[in-house]
Amino acid sequence: MRDVRMRGFAERADVEEVERFLEDAASALPGEPVALAECAGRVLAEDVRAEVDVPPFARSAMDGYAVLGEDTFGASQYDPVSLAVVGLSLPGKPHEARLAPGQAVRIMTGAPLPDGADAVVMAEVCHESDGRVEIAAAVAPRKNVGAAGEDIVAGNVVLRAGRRLRAQDVGLLASIGAAEPVCVRRPRVRLLITGDELLPPGSRPAGAHIVDSNSPMLAALVSRDGGERLPHEILPDDPERIRAELERDDADVVLVSGGSSVGQEDHAPRLLAELGRLDFHGVAMRPSSPTGVGRIGDRFVFLLPGNPVSCLCAYDFFAGPTLRALGGLPRDWPHRRVQLPLARKISSMVGRVDYVRVAIENGRVVPIATSGASILSSTVRADGFVLVPRDREGMPEGADVEVLLYA
Ligand code: AMP
Ligand code: MG
């Protein structure tokens with residue numbers, strides 16, 4: 001491997017080439033059983049099939065009286081039907097005896113329907129006294145009864161592999177008696193934040209030092225993409241320290257921030273090439289052109305430029321999709337998209353992909369003038385970004401463009 005420090009990139013890879021490489025290299029990690037209470041947001045590794053009916057028994061959907069529907073035919077306010085009340089069915093405490101014609105059982109919502117009954121009359125049209133109930137309206141058989149299996153039928157697949165579990169999914173898994181659904185293991189991610197100039201987040205910038213803004217930003221992106229972050233500390237631009245961190249084998253993905261380019265203190269590319277493979281170094285895009293991608297054993301290593309906008313952009317182009325793929329999620333950009341006309345033209349260059357921060361004002365897309373990769377506030381003012389493809393010189397004023405929204 002040639003040492004490119006202080007020489008510059010001889011050639012840059014196309015974004016699509018790097019994307020294709022990562023697509024081939026990263027697929028879902030194996031599954032692991034996960035306690036139900038921890039399952040929300042996790043991705044199912046296998047289809048889940050119900051082994052039981054839900055509900056497992058026919059139950060009342062009302063407070064009232066369980067009856068044989070036929071017994072109430074013809075009942076009205078002026079000509080009520082009178083039935084003998086022979087018992088009580090409560091949720092979890094069923095009435096055990098079989099109901100005979102002419103009988104009723106007082107029943108509450110969720111309680112099992114006694115054998116022999118086929119309908120429930122709601123309490124509002126009933127009047128009970130001296131062991132009898134007068135019913136002032138007819139009910140058809142099956143009325144106000146939830147049949148066994150009306151929610152879920154035993155043997156059916158209730159959730160498919162690949163589903164990111166929502167709150168209600170976890171509830172449903174509980175209802176069929178699942179205890180530890182098998183979910184895709186979350187990719188473990190280690191941040192490797194480098195820079196002699198960096199102070200830890202929470203400090204006040206002073207002298208020649210700046211505060212590390214990349215690690216809190218990357219931590220948020222990793223959570224968004226379903227990764228599990230391992231602890232980290234800020235490293236100096238010291239090749240031996242960086243080497244030692246790169247050699248640790250506890251992560252699935254390593255995100256190196258800073259020192260990814262061709263400067264004198266940019267050690268990570270050389271170290272990555274030495275310890276594993278530096279598959280790409282330098283990508284035809286703006287910002288983030290000094291991005292590197294490689295592997296050490298099974299670990300994916302992303303060399304993200306230190307400039308915060310480049311760091312964000314390189315993460316979202318390459319690391320984000322990889323994390324999602326490892327976690328069993330779709331690789332696509334997770335951002336919501338809107339299509340709107342451009343208020344001013346966007347200039348780009350054929351041969352590279354541009355990531356242009358934009359604001360949306362009065363239904364039009366306004367490119368944000370500052371394009372510097374060090375100006376993080378540009379991404380804070382922006383509502384989203386527009387991607388200018390490699391084969392375009394730019395986009396004219398008035399053209400409909402797709403904006404990927406940050407929020
Ligand atoms: P580098 O990629 O290390 O050459 O850094 C490029 C620029 O980004 C320099 O101005 C660094 O000071 C700045 N920078 C590097 N790392 C960070 C970080 N974690 N947070 C904020 N700025 C950074
Ligand atoms: Mg640096």
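Counting starts at 1 for both ligands and their atoms, in listed order.
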Chemist: With only distance considered, is Ser213 within less than 3.5 Å of ligand 1 through an N or O on each side?
Modeler: yes
Chemist: Before accepting this row, confirm whether a basic side-chain N of the pair Arg188/Asp250 lies closer than 4.0 Å to the acidic partner's carboxylate O.
Modeler: no
Chemist: Quickly, which of Leu304, Leu191, Leu246 forms a side chain to side chain contact (heavy atoms under 4.5 Å, CB included) with Val256? Name it, please.
Modeler: Leu246
Chemist: Would you mind running through ligand 1 and noting each atom that sits below 4.0 Å from a heavy atom of Asn307?
Modeler: 6 (C), 7 (C), 8 (O)
Chemist: Around atom 19 (N) of ligand 1, find the nearest protein heavy atom and jot down its residue, atom name and distance.
Modeler: Asp212 OD1, 2.8 Å
Chemist: To the nearest 0.1 Å, how far is atom 4 (O) of ligand 1 from its closest protein heavy atom, and which atom is that?
Modeler: Asp266 OD1, 4.2 Å
Chemist: If you have a sec, work out which protein heavy atom is nearest atom 18 (C) of ligand 1 and how many Å separate them, to one decimal?
Modeler: Asn214 ND2, 3.3 Å
Chemist: Do Leu272 and His281 have side-chain heavy atoms sitting under 4.5 Å apart?
Modeler: no
Chemist: Suppose I only count heavy atoms of Ser257 and a 4.0 Å limit; which atoms of ligand 1 are within that range?
Modeler: 19 (N)
Chemist: Please list all pairs passing the ring-ring contact (aromatic ring centres under 6.0 Å, His included) test where one or both residues lie in residues 18-67, with sequence neighbours left out.
Modeler: Phe21-Phe280
Chemist: May I ask you to check if ligand 1 and Glu197 share an N or O to N or O distance below 3.5 Å?
Modeler: yes
Chemist: Between ligand 1 and Gly306, is the shortest N or O to N or O distance under 3.5 Å?
Modeler: yes
Chemist: With heavy-atom distances below 4.0 Å as the criterion, list the atoms of ligand 1 near Ile210.
Modeler: 12 (O), 21 (C), 22 (N), 23 (C)
Chemist: Quick one: which ligand 1 atoms are inside 4.0 Å of a heavy atom on Gly259?
Modeler: 1 (P), 2 (O), 3 (O)
Chemist: Apply side chain to side chain contact (heavy atoms under 4.5 Å, CB included) to Arg324 and Arg164, showing your working.
Modeler: CA-CA 11 Å; Arg324 293 192 292 276; Arg164 190 174 207 174; over 6 Å; no
Chemist: Residues two or more places apart in sequence or in another chain: which of them pass side chain to side chain donor-acceptor pair (under 3.5 Å) with Glu228?
Modeler: none
Chemist: Do Arg357 and Phe385 form a cation-pi contact, if we require the NZ or CZ to be under 6.0 Å from the six-membered ring centre and within 45 degrees of the ring's axis?
Modeler: no
